[in-house]
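Quick notes on the structure that follows.
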Amino acid sequence: MATDLKQEFCALRDTYIEKQFGRLNEMQRKAVFTTNGPLLILAGAGSGKTTVLVNRIANLIRFGSAHGSGWTPREVTEDDVKALRMAIMTGTDAPAWLDGMLRKDAVRSWNVMAITFTNKAAGELKERLRNMLGGEEGDEVFASTFHSACVRILRRWAEQIGYPRSFTIYDTDDAQRVMKTVYKELSIDDKFFPVKSAINQMSRWKDQLVSPEEALRTPARDTKGAIAAKVYAAYEKKLKDAGAFDFDDLIYHTVQLLAEHDEVREFYQNKYRYLLVDEYQDTSVAQFRLVSLLTGPEKNICVVGDDDQSIYRFRGATIENILNFERIYPGTKTIRLEQNYRSTSNILNAANCVIQHNTERKGKTLWTKNGEGDKVHVYTAENEQDEAMHIADVIGQHLKAGGHLADHAVLYRMNAQSAPIESYFTRAGIPHKIVGGQRFNDRKEVKDIHSYMSIVANPRDDVRLRRIINEPARKIGNTTIEVIADLAAQENTSMLEIISHADQYARLSRSMMPLLKFWQIYERLQESLETRTLDEFASDVIELTGYKAMLEQEVAKGHEDAADRMQNLGQLVNNVKNYCDQHGEDATLEGYLEDIALISDIDSYNESADRVVLMTIHSAKGLEFPYVFLIGMEEGVFPSEMSKYSEADLEEERRLAYVGITRAKQELYISDSVTRMLYGRTQRNEPSRFLREIEPEYMEETRSPALERRSQMGGWGSSYSDTVPGGASGYSGASGWGRSRTGGYGSGYSSGYLNSEYNGGSRGFGSEYAGRGSSSSGFGSSAPRSTGSFGAGYSSAGTSRNSAKPINFTGTPAAQKPAANTPKHYEPGDIVEHKVFGRGKVLKVKPAAGDQIVEINFEKVGVKKTMANFAPLVKITEE
DNA sequence: GGGCTCCGATTTTTT
DNA sequence: ATCGGAGCCC
């Protein structure tokens with residue numbers, strides 16, 4: 001009788017718990033209820049892996065391993081069964097008095113650690129845990145990136161391994177400076193073996209947990225290997241002296257710490273009884289080791305990954321970690337998630353076609369209940385401008401049908417490909433955001449101020465001291481710096497320590513005054529940190545170091561970028577303030593510096609702004625968009641030129657293609673271009689092998705009208721040549737504008753960054769342009785530019801297909817027909833048609849640099865500003 | 001010690 | 001095309 005009741009209760013409990021996770025599919029639920037022991041989840045793209053992670057953690061905390069256990073802590077009564085049955089039937093929570101019977105070995109939230117690769121992924125996990133478990137419980141789960149987790153561990157134990165608690169985190173720029181110093185000190189010629197290559201080799205060693213000693217001990221394959229081993233040891237010593245870790249060190253030294261200190265390891269193994277690792281296919285040997293050191297004797301380790309999406313082999317990720325997981329952890333349960341909830345079947349089939357050509361894979365085939373959708377749209381462009389125009393066309397059509405800009409993403413193999421798209425979008429007034437490229441925190445002035453801040457936190461840091469000791473110029477030159485370094489080495493102390501009593505050294509007598517002045521500044525900064533808030537401290541740094549005065553002087557001299565730099569420093573202070581607001585009492589200088597070291601551009605990508613987003617496929621991993629443009633699908637671009645000699649590299653490129661394709665939810669647009677200008681040279685490329693790998697039945701191919709050698713182009717084609725004057729000349733005008741706008745210190749990407757950072761989303765570029773006045777030369781001029789390198793490259797390539805249309809790009813007659821080159825004038829009240837935004841009415845007109853800024857109220861998309869002579873704009877009627 | 005000019009390299013980069 | 005680095009001159 002009692003046993004029957006017990007059985008009934010357990011069956012009901014399983015039903016009850018299953019109902020809590022009712023929205024999951026069978027495989028997902030299986031993953032959630034597999035609570036103990038090693039678990040490998042092979043999660044295909046779009047298969048809901050984050051959902052599984054979140055639900056699995058929720059189940060651990062709410063029910064532990066109760067599901068399917070057939071266990072109860074006490075005798076079951078009729079009332080228990082009745083109450084549970086009622087809860088199931090009514091879909092309500094079971095009464096609190098049943099709690100103890102619904103949970104078995106329930107895990108406390110602080111016993112769970114979830115590791116991801118990006119801050120964005122960690123943030124998303126935390127957010128969803130909060131939603132599912134409630135604020136309190138959700139926040140107590142430790143969800144962070146590999147690197148933040150290591151920083152947290154290292155902060156606590158740094159002194160045990162000979163580092164200061166307030167260690168500095170070096171970025172790649174710092175690392176290069178250190179390596180350069182090492183080269184100099186060891187008199188190594190960087191022409192034979194570039195600093196970058198040495199850093200790369202060293203980074204691979206650290207990924208593989210090879211110590212400097214081991215690297216030296218292992219017979220080198222060649223001279224370069226021997227140099228690398230030599231500089232590795234010297235580099236590590238420098239970082240240790242400076243009290244700094246680079247990104248790879250964070251992992252490497254945490255592994256050493258856990259491996260060598262039993263009590264530390266046991267502390268974490270006891271604390272975190274359940275471990276979950278996301279994107280497992282991208283872990284390195286060191287990260288694998290870290291995870292296994294954190295895994296306690298219960299072996300509650302759950303890894304989620306997709307071998308087909310491993311795209312960071314070049315950075316030390318070893319796909320073997322996922323391929324061998326079952327062997328390394330005996331008793332592993334493996335679950336495959338193959339149902340895709342993201343894409344249409346045409347997109348998915350295309351992705352499957354491509355990835356099937358790889359040999360090194362576990363093998364799985366994604367399927368979906370979603371409809372077929374459109375076929376994959378493949379467009380062959382004439383050149384990169386044509387490609388950009390086509391993308392703008394499609395986006396325009398979508399907007400007219402009520403779509404949103406933010407639903408569109410343009411993905412490419414390398415950052416250099418963004419320039420023509422960005423240029424075209426800017427001219428057409430299409431709001432966009434480029435993710436990646438130069439980060440805000442990588443700007444020189446920002447890094448300088450951060451360096452000042454970090455030497456106050458960590459006075460041992462000679463590398464950052466060198467960076468700013470003479471910035472702004474204060475008459476401390478290289479000779480002096482080397483003398484200080486020499487003295488510091490002799491006395492086995494830091495350079496700053498030497499500077500603090502510079503007057504005691506005869507060798508420093510010449511530069512004594514500037515040095516003591518510098519020391520005074522440093523002392524005042526120390527005082528500021530102690531007495532004022534963090535954001536006040538930041539602004540003191542800008543002021544007291546003379547940085548502000550220097551920039552003001554440059555502005556006075558007429559340096560155009562100085563004002564921008566000043567603005568960036570203002571932004572920096574704002575960022576510090578935001579950090580303080582977020583962390584309240586816990587805000588520390590170390591914490592802020594840690595944040596800026598570990599946070600990347602993609603983390604600040606905010607999907608709420610209505611803009612088209614442009615990024616590399618690497619950056620797009622983990623994201624999804626309704627409409628995806630995968631551009632530059634050409635041999636030599638994608639797959640990249642560098643990868644074509646190695647089968648393993650080609651497979652990685654193919655996985656990257658797979659990642660790109662599977663970002664698309666509704667429609668995928670792939671384009672290739674017959675010619676492409678890259679690094680100032682025009683090349684002719686064959687369509688990518690990845691395109692040929694897609695079965696024709698899933699594709700719909702179109703070629704650019706320009707390629708069909710039709711002189712009379714229909715539709716927008718004709719309006720294009722009418723409205724964007726002079727083809728290449730228009731393009732050169734715009735690029736000239738881009739250059740002057742960024743004032744020469746930013747690249748194409750940073751101009752995009754500026755554009756979107758300081759500009760409201762849908763306002764487009766017009767407002768910013770107006771705000772900056774019109775110092776830009778070359779902007780309004782639609783005069784044809786010299787035939788230039790494109791023309792030259794063109795004719796040298798010279799085939800009949802090429803000669804079909806040199807017109808648009810060399811300023812030959814067709815492009816200069818009067819209609820194209822006559823500046824257009826608009827009056828308020830004019831009705832115009834814009835290629836992308838559709839029909840609208842001109843509200844305001846403002847002259848600027850021989851052109852007009854036209855403010856138009858579009859019927860579909862509202863008010864936007866565009867440049868009259870560059871936007872694809874046609875006047876329909878006059879008032 | 002500071003500034004200018006010429007030369008060369010130039011995939012991808014969650015941290 | 002474009003940026004950064006090294007070398008040269010004041």
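When the side-chain nitrogen and oxygen atoms of Thr616(A) are compared with OP1 and OP2 of dT13(B), one or more of them lie within a distance under 4.0 Å. In this model, the phosphate group of dT10(B) is not approached by any side-chain N or O of Asn415(A) to a distance below 4.0 Å at OP1 or OP2. Here Thr479(A) reaches the OP1 or OP2 of dG1(B): one of its side-chain N or O atoms lies under 4.0 Å away. Phosphate contact (OP1/OP2 of dT14(B), side-chain N/O of Thr116(A), threshold under 4.0 Å): absent.
A salt bridge does not link Arg313(A) with Asp282(A): every distance from a Lys NZ or Arg NE/NH1/NH2 to an Asp or Glu carboxylate oxygen is 4.0 Å or more. Salt bridge absent: Asp308(A) and Arg654(A) never bring a charged side-chain N and a carboxylate O closer than 4.0 Å. A salt bridge does not link Glu634(A) with Arg684(A): none of the charged nitrogens is closer than 4.0 Å to a carboxylate oxygen. A salt bridge links Arg155(A) to Glu594(A): one of the charged nitrogens lies within less than 4.0 Å of a carboxylate oxygen. Between Asp649(A) and Lys644(A), no side-chain nitrogen of the basic residue sits less than 4.0 Å from a carboxylate oxygen of the acidic one, so the salt-bridge criterion is not met. Between Lys206(A) and Asp249(A) a salt bridge is recorded (basic side-chain N to carboxylate O distance below 4.0 Å).
Two rings, from His253(A) and Phe167(A), have their centers 6.0 Å or more apart. For an aromatic pair to be called close, the ring centres must be under 6.0 Å apart, and His147(A) with Phe117(A) fails this.
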Close N/O contacts between protein and nucleotides 2-7 of chain B (under 3.5 Å):
unit_1: dG2(B); atom_1: OP2; unit_2: Asn470(A); atom_2: ND2; d: 2.8

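Arg413(A) places its CZ atom 8 Å from the P atom of dT13(B), with the value rounded to the nearest Å. In this structure, CZ of Arg681(A) is placed 15 Å from P of dT10(B), rounded to the nearest angstrom. Rounded to a whole Å, the CZ atom of Arg654(A) is 22 Å from the P atom of dT11(B). When the P atom of dT11(B) is taken as reference, atom OH of Tyr412(A) falls 15 Å away, rounded to whole Å. The interatomic distance linking Glu651(A) (CD) with dT11(B) (C1') rounds to 18 Å, in whole Å. In this structure, the NZ atom of Lys444(A) is 16 Å from the P atom of dC3(C), given to the nearest Å. As rounded to whole Å, 19 Å separates atom C1' of dG8(B) from atom CZ of Phe192(A). Rounded to whole Å, atom P of dG1(B) lies 16 Å from atom CE of Met513(A).
Side-chain proximity of Asp190(A) to the nucleotides dT14(B), dT15(B), dA6(C) is greatest for dA6(C). In this structure, the nucleotide among dT15(B), dA1(C), dT12(B) sitting nearest to the side chain of Tyr679(A) is dA1(C). For His618(A), taking side-chain heavy atoms from C-beta onward, the closest of the listed nucleotides dT11(B), dA6(C), dT13(B) is dT13(B). Looking at the side chain of Asp282(A), the nearest of the listed nucleotides dG1(B), dT14(B), dT15(B) is dT14(B). Listed candidates were dT15(B), dG1(B), dT14(B). Nearest to the side chain of Thr480(A) is dG1(B).
Residue Asn478(A) is classed as a sugar-phosphate contact, given heavy-atom separations below 4.0 Å to backbone atoms only. Within the nucleic acid shown, Asn119(A) comes within 4.0 Å of sugar-phosphate atoms alone, with no base atom in reach, counting heavy atoms only. Counting any heavy atom pair closer than 4.0 Å across all strands shown, Ser643(A) reaches no nucleic acid atom. Using a 4.0 Å heavy-atom distance criterion, Met642(A) is classed as a base contact. Within 4.0 Å of Ser619(A), counting heavy atoms only, lie sugar-phosphate atoms of the nucleic acid but no base atom. Residue Thr172(A) is out of contact with every strand shown, counting any heavy-atom pair closer than 4.0 Å. Nucleic acid contact class of Ser640(A) (heavy atoms, under 4.0 Å, all strands): base.
Per the stacking criterion (ring centres < 5.5 Å, plane angle < 30°), Phe146(A) does not stack onto the base of dT15(B).
Taking only distance into account, the side chain of Arg315(A) meets the base of dT15(B) through a donor-acceptor pair shorter than 3.5 Å.
Both Leu250(A) and Ser511(A) lie near DNA chain B, and the one whose nearest nucleotide falls closer to the 5' end is Ser511(A).
For the residue pair Glu445(A) / Asn568(A), a side-chain donor-acceptor distance below 3.5 Å is found, with atom types taken as modelled.
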